[in-house]
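So you know, we letter chains A, B, ... as the sequences are listed, proteins then strands, and number each from 1. Remember, it's a predicted structure, so these values are computed and weren't measured experimentally.
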Amino acid sequence: MTTEIKAFADFGLAEPILRAVTEMGYTEPTPIQAQAIPLVLQGRDVMGAAQTGTGKTAGFALPILQLLLPKASSSASPLRHPVRALIIAPTRELADQIHVNVAAYAKHSQLRSAVVFGGVDIKPQIAAVRQGVEVLVGTPGRLLDHVEQKTVNLSQVEIFVMDEADRMLDMGFLPDIQRIINLLPKKRQNLMFSATFSGDIRKLAESFLQNPVSVEVARRNATAENVEQKAYKVDSTEAKRAAVAKLVRDNGLSQVIVFSNTKIGAGRLARQLVQDGLNAAAIHGDKSQQERLATLDSFKRGEIVVLVATDVAARGLDIAELPAVINYDLPYSPEDYVHRIGRTGRAGASGIALSLMTPAEERYLAEIEKLIKRQIPVESLAVVTPPRERGARPERSERSERPRGERPERTERPRGESEEARAPRRTEDRGGARRTPRPSGPPLAGYSNDPFFFKPYESPEDEKQPAEGDAAAAPASGRKRSSRPVAALLGGKKG
DNA sequence: AAAAAAT
């Protein structure tokens, strides 16, 4: 019954939708679109195994708009515009991007969409939703905030989409997702997309999808065939910083996302790269939402050459023709590797994924290779670390180079430890400064980028105060997050 | 272990 669909025109999409697609220059659906669109149009629940960049968003957005179209009305009354399709996504940038796409596909129809996410003023969102929107996109927390404020009503939702479901579980969104699902009508169509498929994802799927059809484009947990992967051994963290600039230049990369495991590391690397003459900027969760969106926009426009990012950018972001990704750190979880390198080689284009690893990180490579079921060639990369005089003190001025608005590092220390005892521990994750001689010390063994390493001991009060944010205080503030397995949260219930 | 996400 699966007829080969070769053109968007064959899906039977209504004229306003097809016209928008055509105007955007699309004629042929991607494999996931070819599979998913007819199923969604039939009203089926769909479980999609697809990374972004496969055209996934259009794969659900186009048929959703088609399904909503017959009842679309141009009535000015907001009451006639209940939210009929709800799309949730793990990060604010991704939600925003989905909304932009939906709005583009819907521009010739009467259908309207809006996006809600945190980190920005809620009032414009309330105003937008008041206008009446058929399609609402959002991140879970702010969406629930709107529900509580009664600015959003989800009781008329006909189609519910969970994008990047694996990521949402990783981020502890399950309780929020369940609250959202409880607000939806029992009878509805569900679509769920995930790039990786753990047991937890399957359990979640079983719990809320009804008789779903599976749609799969890429091999499970596989990385794109068209992405050339390499890993480089480097001696140290300092070497990694220098290596990034070298890799960008040697490979003539016009644009690249560099992934760092930490926010601090991302900020530092970006600053270093700027010093090295590359147009670089960092994006991570400690930047204001305004900055995050502006940086991303500037990267998309090609102004920024190197985007240094934490995993906030690992999933879902669609940057056209991104030629390369560099892992400044190997990710802690192999799934994250799949997502990160999924930023390149998108929609059939070729891409390069380069990873840097210190000796300590080499063990992560094996797990990654196991997951992606392929070997990643490893080379050694000799780089000249920054030209500092031997024995020179790391510049204090580095501290003042921190851009305004970016948080300083935390200087908290474990209490009751001697200065000697804590120094090596602190340095371990602070850019590699060490007091003890380095095993195979290159000339710059004492070099450190750690702005606090030589900082004089500050306030004795710190030590007298009870430690802030310790085990007793932490759970009381902030949202409750559970690390219980999905099965437990789902009450052991099986579909 | 880290990051992200409502305030």
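Proximity of A:Ser333 to the phosphate of B:dA2: no side-chain N or O atom is located under 4.0 Å from OP1 or OP2. When the side-chain nitrogen and oxygen atoms of A:Thr310 are compared with OP1 and OP2 of B:dA4, one or more of them lie within a distance under 4.0 Å. Between A:Arg92 and the phosphate of B:dA5, there is a side-chain N or O to OP1/OP2 separation shorter than 4.0 Å.
Between A:Arg292 atom CZ and B:dA4 atom C1' the separation is 8 Å, expressed in whole Å. For the pair A:Glu93 CD and B:dA5 C1', the interatomic distance rounds to 11 Å; values are reported in whole Å. Summarising the geometry, the separation between CZ on A:Arg167 and P on B:dA2 is reported as 15 Å, rounded to the nearest angstrom. Atom-to-atom, NZ of A:Lys150 to P of B:dA6 comes out at 20 Å; the value is rounded to the nearest Å. Rounded to whole angstrom, the span from the CD atom of A:Gln289 across to the P atom of B:dA5 amounts to 6 Å. Here the P atom of nucleotide B:dA6 and the CZ atom of A:Phe117 are 9 Å apart, to the nearest Å. Taking atom CD on A:Glu148 and atom P on B:dT7, their separation rounds to 12 Å, with Å as the unit. Nucleotide B:dA2 holds its P atom 12 Å from the CG atom of A:Asp329, rounded to whole Å.
One finds no salt bridge joining A:Glu148 and A:Arg142 here, because no Lys/Arg side-chain nitrogen approaches an Asp/Glu carboxylate oxygen to under 4.0 Å. With respect to the salt-bridge test (charged N to carboxylate O, under 4.0 angstrom), the residues A:Arg84 and A:Glu134 do not qualify.
With sequence neighbours excluded, the residues forming a side-chain hydrogen bond (donor to acceptor under 3.5 Å, both in side chains) with A:Thr358 are A:Glu361, listed by chain and number. Residues passing the side-chain hydrogen bond (donor to acceptor under 3.5 Å, both in side chains) test with A:Asp297 are A:Arg301, sequence neighbours excluded.
A ring-centre distance under 6.0 Å is not found for A:Tyr328 and A:Phe259.
At the heavy-atom level, A:Pro90 lies under 4.0 Å from the strands shown only through sugar-phosphate atoms. Heavy atoms of A:Tyr364 sit under 4.0 angstrom from at least one base atom. Here A:Asp145 lies in heavy-atom contact (under 4.0 Å) with a base.
Taking the side chain of A:Met171 as heavy atoms from C-beta on, and the options B:dA1, B:dA5, B:dT7, the nearest nucleotide is B:dA5.
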